[in-house]
Amino acid sequence: MIGYLTRKVFYRNLTSELTEIILTENGFSINQPFGAKPKLYNWEDLQTIRFSDNYNEVIVEKSDGQIALNNNHIGWYELIQYVPSTFKEFDFKYVAELIDSLKSCGVCGIVAVKENKCLVCETVAWNEEMNENKFDYLKSKQSEFYSDRISNGKEVKKIAEPEHGFKADKNWRLYILIN
Ligand SMILES: [Zn+2]
């Protein structure tokens, strides 16, 4: 059994990465792992929503305090695209430019490559400096990525579908054979 303090230190990143932001009809909910109760936020109860100075977090202010939503939370990139335009201090231009700058990922098929790394599957995008040719690289990354999913009993899609607020690339191909 790992004590509370140790857990807080060592699992801190994991907790953050397993936290999921889900859009609701009137706002969003924050779902933390390990059985914590989801916290609901309605847009109309929020005073301000803005990015942190380094743009890695969204700072949400309520009458009883503020929360910081980190960009490694699942659903963060979806949330920032759904902030109502009534929040004048929110940087909508940054969001539009960010989403527009994303490139398609050859491994998972989601348009989520930012600064040469996919935000969804975390693969480094193939580039000219790699020793492997593009096809071999994509194939080996796909088999790495999907064999894990297969052994976990998860279904493997043969067509990329939009997820977490990202678009899918219609031209994406699965190079490995799934039997
Ligand atoms: Zn990807």
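Owing to the predicted nature of the structure, the values given are computational and were not obtained by experimental measurement. Values below: all heavy atoms of this structure, side chains included; hydrogens, waters and symmetry mates excluded. All ligand and atom numbering here is 1-based and tracks the order in the structure.
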* Protein N/O/S atoms under 2.8 Å of the Zn ion (ligand 1)? -> C105 SG, C108 SG, C118 SG, C121 SG
* Taking the six-membered ring for Trp, are Y94 and F51 parallel (under 30°), tilted (30 to 60°) or perpendicular (over 60°)? -> perpendicular
* Mind checking whether I176 and K139 have side chains closer than 4.5 Å, heavy atoms only? -> yes
* Asked: To the nearest 0.5 Å, how far apart are OH in Y77 and CD1 in I21?
  -> 11.0 Å
* Asked: Got W43 and T86 here, is their nearest side-chain heavy-atom distance under 4.5 Å?
  -> no
* To do: Decide yes or no for L138 and V107: does some side-chain heavy atom of the first lie under 4.5 Å from some side-chain heavy atom of the second?
  => yes
* Any side-chain heavy atom of V83 within less than 4.5 Å of one from F92? -> yes
